[in-house]
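Heads up, the thing below is written out as C-alpha cells.
A note on names: the letters A, B, ... follow the listed sequences, proteins ahead of strands, and every chain is numbered from 1. From a predicted model like this one, the values you see are computed outputs, not experimental measurements.
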Amino acid sequence: MNLIEIQDRLKQQVRASALELFGVELDQVNAETPPRAELGDLAFPVAFELAKLVKQGTGVKLPPRTIAEQLKAKLEHSPEVDRVEVAGAGYLNVFFNRARLLALFAVAKADPEGVPSPLPDRPKKMVEHTSINPNKAAHIGHVRNAVLGDTFVRILQAADERVEVQNYIDNTGVQVADVVVGFMHIEKMNLDDIKALDSSLPSERPFDYYCWDLYTKVGLFYRDGNPQTEPNAERLKLRTDVLHALEEGNSSTAALADYVATRNVECILDTMERLEIRYDLLARESDILHLHFWDRAFELMKAAGVLRLETEGKHAGCWVMPFESHTGTDEHESDKIIVRSNGTVTYTGKDIAYQLWKLGHLGLDFNYKPFRAYPDGHIAWVTTTEPNSEMLPEVPRPDFGSGVKVYNVIDSRQSYPQEIVARGVAAVVPEVGADSSTHLGYEMVALSPAACAELGIQLSDADRARPFVEMSGRKGLGVKADDLIDRLEADAFREVATRHAELSIAEQQETAHQIAVGALRYFLLKFTRNSVIAFDFKEALSFEGETGPYCQYAAVRANSIFRKLGDEAAAAVAALVDDTSGKPEMASRVSEPLAGESGTEIWSLVMLAERLDEVIALCAASAEPANLAKYTFTLARAFNLFYHRHRIIAEQDETKRAVLIAVAQIARRRLTSALATLGIAVPERM
RNA sequence: GCACCCGUAGCUCAGCUGGAUAGAGUGUCUGACUUCGAAUCAGAAGGUCGCAGGUUCGAGUCCUGCCGGGUGCACCA
C-alpha cells in the first residue's frame, strides 16, 4: 500500500461520514499537505465546504469547527492513523502512525530506475518532440523542446503509460531548401562534392555546424549580400525551384537534399544522445507526401464537410477551414487556408494528415526501416516509401501509430496552427474529439543581453532596449547545443579531476558527462513551460544551488552511506519491519525516534519522499515537468538537511540507527527514481 | 483591431483543482569542515503579489476594467 492509496481510503471515509452525519453527498474530497509538518501529515479543509452545504440544505448554521470535531472521531479508527486534530478555523489534520508506515514504505520494492516493463495491453500515447528542421545544428531552444518532450515521456512511463516517441523530420520544407540552395549556388557543389566535404570536415566542425554557417549565408545571398535591400527575385526563384524538386522527388536535387537532411538528422540525433534522448520513430515529411497521406486526408475532410472551396474574394480557388473563434478584419482573415489556389497543400494540411495517422484514423500507413541502433539494442526507425524495407528479417518491427492520445511538443508561437490541427482532426473523426490532441506548448529560449555580449553579437539599438533577444537560425544567432554541453563537461571535468584524482581519466570523464547532463536538463526543466527562458551562461553553467548537480550530490551522499553500511542496512531494515509487526512493545520503541519535534523533522522527509507518485501523476495530468524538477530539488534539499543533522554511522542506539537507515533508504530510493524520471543519472562519486 | 501568455524579494523564478504566517535559488552580510564528502548546512536582511473594483467564511490564485511587456493572427513552416 502506498501513500496515494492511504489518502484515497481516508477520503472515502470522509465522504461516507459526511453523508452519514450531515446527509451531504460530496463530489470529491480535497486533501492537502499542511504548511508545517507539526500540523500533521494530511489536512482536510472539508468542514468549510460542509458548513456551506449544510446551511444551504437545511438552513442550520453549523460552525466549521463543530463539523470537524464530529468527522474527527470517525477518522481516528483507521489503522494508519495515529490521531486527528482540529486546527485553525476548522481544518481536520491527520497524523499517521509513523512507525507502522515507516516499515510499510521501507519494504516497498525499489523502482527499476524509471524504466518500467512494457505494457502492451494499454492504449498508446504518442509524444512528438524535437522535430528540428534538418538543415543545421541544434541550438538550446531546440534542446528545451527535446528535454521537455523526453522528460514528459519518462513521466508518462513512470505513471505506467505506454508511450511512442516520434520526431518529425521536415525534410521537404523551406529551411532544407535554403541550405540546398547554399550548397548548389553559393558553394557550387554537387552531391559528390558534398560527400567529399563531409568526410573531410574536422570533428570540431561537423556537418551540422558547416550547415549552420552556410544557412546564414543563404539569407544574405537572396539579398545580394546586403541585409538592408529587398530580396532578389531571381535568386528567390532558386528556392522555389528547389522546393518544387523536393516535393516531386526522383531528381538529383532531391537526392542532394536527402543527403543533406539525413546527415543533419544524424548529427542532431548524436547531440540528443549525449542528453539521453532517444526516439522510436522518425516520421519524414517526404514520405507523407509521396505516400499520398494528404490526398486521403483531403478526401476525409471534404466528406466530413470541414473544408470550403472559396469561389470569390482574395481566397478564390483555395480550400479553407472556417475558424469562427478568430474574428476577421481587413488585414487578418478568420479562415485558415489548407489548400492553396495552385493546388498545393499548406503545412497545416500536412499536419492534419499526419495527426490522423497518429490516431489511427487515416487508413494508410508508412513503410519503415531501421535508422539507428542504440547501445542498449533499442532501434530508432525511420519512415520510407520503399515497401520492401518491411522485410528485414533480423529486426522485429513494432507497430507504429494508432494511439489514443497525441501530445505535440511545439513552441507556443504555433498554438494557432495547432488549434486548427486539433479541430480539423476532431471534425473528421468526431468520436475521438479535440481532447485527443494536446499541444504541449512552451515559450522560447531567448538570449539575455549578457549572453549576447559574451557571444560577441552586435545588437541593434532596438534589440538592446529589449529584455531579451530571440534566437534565430536564419541569422546564426544562438548557442549551439554541442558547444554548451562541451563547456559543461569541461567545467565538470575540472572539478571532478581535483576532487577525485584516484579515478581513471575515463571514469572522470563519465562522471563529468553525467554532471553536465544533470546541469543542462535541470536548468531547462526548472522553468514552467509558459515562462520565457532568458538564457544566461552563468546560470546555465552553475553547479550550485537549485541545479541538477545539487540533486545528484544529495543522492551520491546517500549512496556513500549505504556503501559504508554494507549488509548492515538491509538487516537493520528487516529487523525494524519485524519489530513493528505484532510486537507492540518493540513498535513503541521504533516510534520514539519519530516522536516530538526532532521526530517530526525526520518523519517529514519520509512523507515528502513518499509523495513522488502523487507528483508524477500531477505532472502527467498537467503535462508540466517543472513540477517534478521542483519536487526533486525540494527532496534533495530535505535529504541534505537530514544528512547534516543525523549521523547514521555514529548513532549508538540500535533502534534509532535502524530508523535513520530506513528513512535514508526511502529518501535515496525516491530521489534516485525522481532523477531518473528527469533523465538525470546518479554518478558513483562526484 | 482580435486572440493567447506574462507581471510575486535587488536579480531569476515557484506557488497543486481558491485554504492556515506568500516560498526557493541567486546576490549581500554573518557563522559551521578532525565527522556518512562543504558541489553542503545554519542565521540575518529583503514583499502594497502591476493598479482599481467585484465574487465569499477565505483571493497571489476566480470575474470585470485598466496599465506595462511578450507572442500570434501568411496561398511560410
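Applying the 4.0 Å criterion to OP1 and OP2 of rA77(B), one finds that Y347(A) has every side-chain N and O outside that range. Between R413(A) and rA77(B) there is no side-chain N or O to OP1 or OP2 distance below 4.0 Å. Remark: H315(A) is in phosphate contact with rC75(B), judged by side-chain N or O atoms under 4.0 Å from OP1 or OP2. A sub-4.0 Å separation between OP1 or OP2 of rG15(B) and a side-chain N or O of N627(A) is present. R36(A) has no side-chain polar atom (N or O) that falls below the 4.0 Å cut-off from OP1 or OP2 of rA20(B). Put simply, S415(A) has no side-chain N or O that comes within less than 4.0 Å of OP1 or OP2 on rG72(B). A sub-4.0 Å separation between OP1 or OP2 of rC41(B) and a side-chain N or O of Y550(A) is present.
Residue N30(A) places a side-chain atom within donor-acceptor reach of the base of rU17(B), judged by atom type and a 3.5 Å distance cut-off alone. At a cut-off of 3.5 angstrom, the base of rG37(B) holds at least one donor-acceptor pair with the side chain of H500(A). A donor-acceptor contact under 3.5 Å is formed by the side chain of N93(A) with the base of rA20(B). No hydrogens or angles were tested; on distance alone, nothing pairs the side chain of S412(A) with the base of rC5(B) as donor and acceptor under 3.5 Å. Interface remark: the R499(A) side chain does form a donor-acceptor pair with the rA39(B) base, using a distance-only criterion of under 3.5 Å.
Taking a pair to require two hydrogen-bonding distances under 3.5 Å in either a Watson-Crick or a G-U wobble arrangement, rA3(B) pairs with rU71(B). Of all nucleotides present, none satisfies the Watson-Crick or G-U wobble test against rA9(B) with each distance under 3.5 Å. Pairing partner, rG65(B): rC51(B), with both Watson-Crick or wobble hydrogen-bond distances short of 3.5 Å.
For Y168(A) and Y354(A), the gap between ring centers is short of 6.0 Å. Between Y550(A) and F633(A), a ring centre-to-centre spacing shorter than 6.0 Å is recorded. Taking the six-membered ring wherever Trp is involved, the centroid distance between the rings of Y91(A) and F48(A) falls below 6.0 Å.
Across the interface with RNA chain B, nearest-nucleotide mapping of E546(A) and F468(A) shows E546(A) to be the residue nearer the 5′ end.
Residues D170(A) and Q175(A) bring no donor and acceptor atom of their side chains to less than 3.5 Å of each other. Counting only N and O atoms by type, the side chains of N640(A) and Y553(A) include no donor and acceptor under 3.5 Å apart.
Listed nucleotides rA14(B), rG37(B), rU17(B) differ in distance to Q28(A); the shortest reach to its side chain belongs to rU17(B).
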